[in-house]
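So the structure is just underneath, and the comments pick up after that.
One-based numbering, in listed order, for ligands and for the atoms of each.
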Amino acid sequence: MTKRQNVAYTVSKLTDYSPEALEKASRELISALNAESKSINTEAEWKTFRDRWMARKNGVLASLNDLWLKKAPAASKRDVGQRVNQLKLEVEQTVDSTLERIQGGASTARDEAEKVDVTLPGIRHPLGAEHPITKTMNEIASVFRNLGYSVEEGPEIETDYYNFEALNFPPNHPARDTQDTLFIANQESKPLRDRLLLRTHTSPVQIRTMEKMKPPVRVVCPGKVHRNDAPDATHSPIFHQVEGLAVDTNITFCDLKGTLDHAMKALFGSSVKTRFYPSFFPFTEPSADVQISCIFCGGKGYRDGGRCPNCKASGWIELLGCGMVDPNVYGFVNYDSKKVSGFAFGMGVERIAILKYGVDDIQLFFQGDVRFLEQFA
Ligand code: 2NL
């Protein structure tokens with residue numbers, strides 16, 4: 001049976017400050033430190049161990065300072081100082097690693113909380129997607145870009161001049177009443193033409209384009225427009241339009257028909273037919289509404305043995321307005337109406353998106369419900 005060494009280590013004075021003597025005394029200290037460390041098994045024992053070695057008053061390290069360093073002759077101070085510093089590090093590391101060893105077995109609540117379950121799924125950062133209105137608007141614009149049209153944008157707050165007067169709506173003309181305009185307040189002190197309003201269509205962008213570009217012009221103008229309409233399943237005070245304009249020499253109604261027939265086939269499929277129905281707009285003469293053959297019943301007017309509700313059994317759906325630009329409009333932008341001619345058209349983006357995607361309420365586009373929107377991602 002081996003006799004247990006339980007006589008605690010204490011620092012003794014150095015009588016000899018030679019490197020050999022320092023080395024020997026240091027080894028004794030470290031082997032005592034390691035032996036004591038091994039005998040520690042509980043946190044309470046460890047605290048006593050830590051304090052015995054590291055307490056500021058009467059700890060082993062403090063005694064090293066007092067008995068070795070302070071008493072060392074001037075010539076040895078440097079060596080002894082370095083040695084004491086090394087021993088301090090050694091003691092601190094051993095005290096730390098002793099605690100780690102005794103805690104290693106049973107993990108604490110904090111250890112549990114910090115554990116990482118590598119089998120859990122990662123955190124998803126879903127990508128956003130284009131809003132169905134933006135998507136439809138871009139799709140319409142790209143049909144025309146492929147025909148050589150450029151895209152122009154302009155302000156949503158417009159003057160009476162660009163929204164009405166230059167588009168051949170004379171002051172006080174009843175055609176203005178059809179636009180349900182939202183006016184900016186307190187503009188009465190300005191001349192009528194400078195008064196501000198929320199644009200009711202994107203046509204002002206085409207006027208601005210013609211002011212800065214000479215013919216030939218091929219332009220599409222997508223954007224947000226505003227009308228004083230009460231919201232319901234088919235109306236919203238904010239909606240979107242794409243308008244287009246082509247001005248050149250010898251542009252005819254035939255060009256208008258061919259262009260829009262192509263655009264409707266590109267948007268709704270090559271089997272779609274178009275027809276042009278007489279209509280009125282102040283800025284075009286003649287004017288037409290464009291109807292496409294019903295995409296729900298294939299133009300038959302009946303479906304599943306009954307009337308097609310989408311075209312009210314007519315086989316046709318009205319989709320956009322168009323016409324040959326009224327010569328009066330050219331007068332406002334210094335185009336020579338004897339030399340040039342052109343056509344223009346305008347379509348509601350929501351109406352096209354509703355038909356393309358089978359949406360039954362325009363309000364869904366503006367409510368921001370992700371369950372609706374993610375279907376278009
Ligand atoms: C519709 C009808 C239309 C235009 C817009 C236009 C623009 C200029 C000159 C002539 Cl600068 N016309 N735009 C022409 C015909 C119809 O829109 O129902 N839009 C939803």
Side-chain angles (χ1 to χ4, degrees), residues 133 136-137 140-141 144 149-155 158-159 161-169 175-176 178-181 199-227 229 234-248 251 253 255-257 259-260 263-264 267 274 276-292 317-335 337 340-355 362:
I133 293 304
T136 307
M137 197 153 64
I140 299 167
F144 289 96
Y149 286 63
S150 54
V151 178
E152 290 282 338
E153 289 180 300
E158 265 296 3
T159 60
Y161 177 78
Y162 284 111
N163 196 76
F164 288 126
E165 207 174 324
L167 285 155
N168 202 31
F169 292 81
R176 289 177 174 230
T178 65
Q179 299 264 322
D180 301 307
T181 312
R199 69 179 181 194
T200 59
H201 43 199
T202 56
S203 318
V205 186
Q206 283 129 285
I207 299 294
R208 289 174 180 277
T209 304
M210 287 190 280
E211 280 183 345
K212 64 183 189 198
M213 274 164 59
K214 292 283 134 217
V217 167
R218 306 274 191 282
V219 68
V220 276
C221 307
K224 188 184 287 176
V225 300
H226 304 258
R227 295 203 186 172
D229 273 335
T234 56
H235 294 83
S236 165
I238 292 176
F239 61 104
H240 299 78
Q241 274 193 334
V242 177
E243 287 206 11
L245 174 75
V247 182
D248 207 334
I251 298 252
F253 202 92
D255 298 313
L256 169 58
K257 286 188 75 174
T259 302
L260 291 182
M264 293 306 112
L267 289 171
T274 55
F276 292 69
Y277 203 87
S279 185
F280 173 81
F281 301 107
F283 30 70
T284 45
E285 181 62 33
S287 304
D289 285 328
V290 184
Q291 302 176 339
I292 62 168
I317 294 178
E318 198 167 295
L319 207 55
L320 70 151
C322 66
M324 301 307 289
V325 177
D326 191 304
N328 290 346
V329 173
Y330 296 132
F332 288 101
V333 296
N334 288 320
Y335 279 16
S337 62
V340 297
S341 60
F343 62 78
F345 54 87
M347 57 192 99
V349 179
E350 281 76 2
R351 175 144 175 76
I352 291 183
I354 280 170
L355 290 171
I362 195 174

Need the ligand 1 atom indices (1-based, order shown) with element for anything under 4.0 Å from a heavy-atom of Cys322. 15 (C), 16 (C)

Contact atoms of ligand 1, heavy-atom distance to Gln206 under 4.0 Å: 7 (C), 11 (Cl)

Quick check: Gly346 and ligand 1, any N/O pair under 3.5 Å apart? yes

Short list, please: which atoms of ligand 1 are under 4.0 Å from a heavy atom of Gln241? 19 (N), 20 (C)

Using a strict 4.0 Å cut-off to heavy atoms of Phe345, name the atoms of ligand 1 that fall inside it. 3 (C), 5 (C)

Would one find an N or O of Glu243, backbone or side chain, under 3.5 Å from an N or O of ligand 1? yes

Glu158: what forms a salt bridge (Lys or Arg N to Asp or Glu O under 4.0 Å) with it, not counting sequence neighbours? Arg208

Selected option - heavy-atom contact closest to atom 15 (C) of ligand 1, from Tyr330, Phe283, Phe280: Phe283

Considering only NZ, NE, NH1 and NH2 on the basic side and carboxylate oxygens on the acidic side, decide whether Lys212 and Glu152 come within less than 4.0 Å. yes

Does atom CD (Glu153) have a neighbourhood of more than 12 heavy atoms from anything else shown, all under 6.0 Å? no

Please check this pair: side chain of Thr200 against backbone of Gln179, looking for a donor-acceptor N/O pair closer than 3.5 Å. no

When the ring planes of Tyr149 and Phe144 are compared, do they come out parallel, tilted or perpendicular, using 30° and 60° as the limits? perpendicular

